Amino acid sequence: MTLTPLTPRSPDTLSAPPAVLHAPVIDWFEAHARDLPWRRPEAGAWGVMVSEFMLQQTPVGRVLPVYEQWLARWPRPADLAAEPPGEAVRTWGRLGYPRRALRLHAAASAITELHGGTVPGDHAALLALPGVGEYTAAAVASFAYGQRHAVLDTNVRRVLARAVTGVQYPPNATTAAERRLARALLPESEPVAARWAAATMELGALVCTARTPQCGRCPIAGSCAWRAAGSPAHDGPPRRGQTYAGTDRQVRGKLLAVLREAVAPVPQRVLDAVWDEPVQRARALDGLVADGLVEPLEDGTYRLPLT
DNA sequence: CAAGCGTGGAA
DNA sequence: TTTCCAAGCTT
């Protein structure tokens with residue numbers, strides 16, 4: 001089989017969607033997909049949704065144990081909705097970005113009240129749920145309900161940037177051009193499109209990785225525009241890195257860690273011990289309260305929210 | 001639309 | 001050691 005390298009071009013000029021990509025990527029997926037619990041049929045739409053929340057900016061390996069605990073304790077949205085949001089925050093553990101736990105709890109409540117306890121399959125209804133954005137709505141509709149959507153996560157964006165556009169990395173923020181390209185590449189058949197979405201994501205996660213892509217194991221290396229161009233290094237402004245040490249985020253993390261472990265309301269002085277700079281400490285705590293992650297009590301103690 | 005939001009593993 | 005980065009969302 002001869003693969004013709006794709007030359008860099010805009011989606012507007014795609015005379016025909018390069019279906020040459022579909023079969024190799026999907027075949028590779030059939031052979032190499034990881035056996036993840038949220039991909040098994042018994043996960044259901046709720047399992048898929050829980051996994052998508054947890055996987056927002058958190059690696060698979062750290063999600064796995066918490067996912068299992070979560071589904072065992074709250075097998076349906078209504079089970080979670082019946083408990084205080086603080087229990088969601090506590091069970092979230094150290095996955096990071098704990099507002100996601102709060103939003104997942106709020107989403108479970110909305111699903112219970114507005115959708116009879118069943119995760120909606122409608123893209124717009126999904127998008128209306130707390131914590132569900134463009135990516136997560138498409139992912140749930142596609143993975144749980146087999147629908148045809150452009151599922152644009154960081155993995156897919158990187159695969160398309162390289163294989164089709166011919167650059168090492170996608171832009172910092174998702175662009176209209178990327179959405180157009182992803183839509184143009186979507187297989188016509190609904191089930192094939194759903195498979196394609198999962199397959200491109202997995203290819204980005206396992207082979208077409210950010211740092212050291214394993215091109216030797218890539219099913220479309222022969223038609224990759226980036227390789228055809230000589231694998232040029234990223235050109236442009238450096239990708240925005242995140243600092244952490246000394247930030248409010250770090251302080252928030254320390255404060256919340258204390259509250260997660262506590263079985264009773266925590267006195268102010270215990271929280272004061274986690275950070276010595278009082279202005280930043282107060283700002284961080286205020287922020288947690290404002291976010292609804294922490295509940296201040298009349299007596300000056302704090303706990304995870306009951307409401 | 002850029003900034004803010006956690007955490008830990010790997011290079 | 002430092003830096004990068006991991007299935008984003010909200011404001």
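Predicted model, so just to flag it, every value in this text is computed and none were measured. Just so it is clear: chains get the letters A, B, ... in the order the sequence lines come, proteins before strands, and each one is counted from 1.
- Between the CG atom of A/Asp248 and the P atom of B/dG4 there is a distance of 9 Å, given to the nearest Å.
- The CD atom of A/Gln57 sits 5 Å away from the C1' atom of C/dG8 (whole-angstrom rounding).
- Identified under the salt bridge (Lys or Arg N to Asp or Glu O under 4.0 Å) test for residues 123-149 of chain A, with sequence neighbours left out: A/Glu134-A/Arg179, A/Arg148-A/Glu188.
- Atom CZ in A/Arg211 sits roughly 14 Å away from atom P in B/dG9 (whole-Å rounding).
- Side-chain atoms of A/Gln56 and A/Tyr135 include no donor-acceptor pair closer than 3.5 Å.
- As rounded to the nearest Å, C/dG8 and B/dC1 have C1' atoms that lie 15 Å from one another.
- Nearest nucleotide to the side chain of A/Arg94, out of C/dC4, B/dT7, C/dG8: B/dT7.
- B/dA3 and C/dA7: their P atoms are spaced 23 Å apart (whole Å).
- A donor-acceptor contact under 3.5 Å links the side chain of A/Thr58 to the base of B/dG6.
- In this structure, OH of A/Tyr244 is placed 10 Å from C1' of B/dC5, rounded to the nearest angstrom.
- Residues A/Pro278 and A/Arg281 form a side-chain contact, since some pair of their non-hydrogen atoms from C-beta on lies under 4.5 Å apart.
- Distance A/Arg100 CZ to C/dA6 C1': 10 Å, rounded to the nearest Å.
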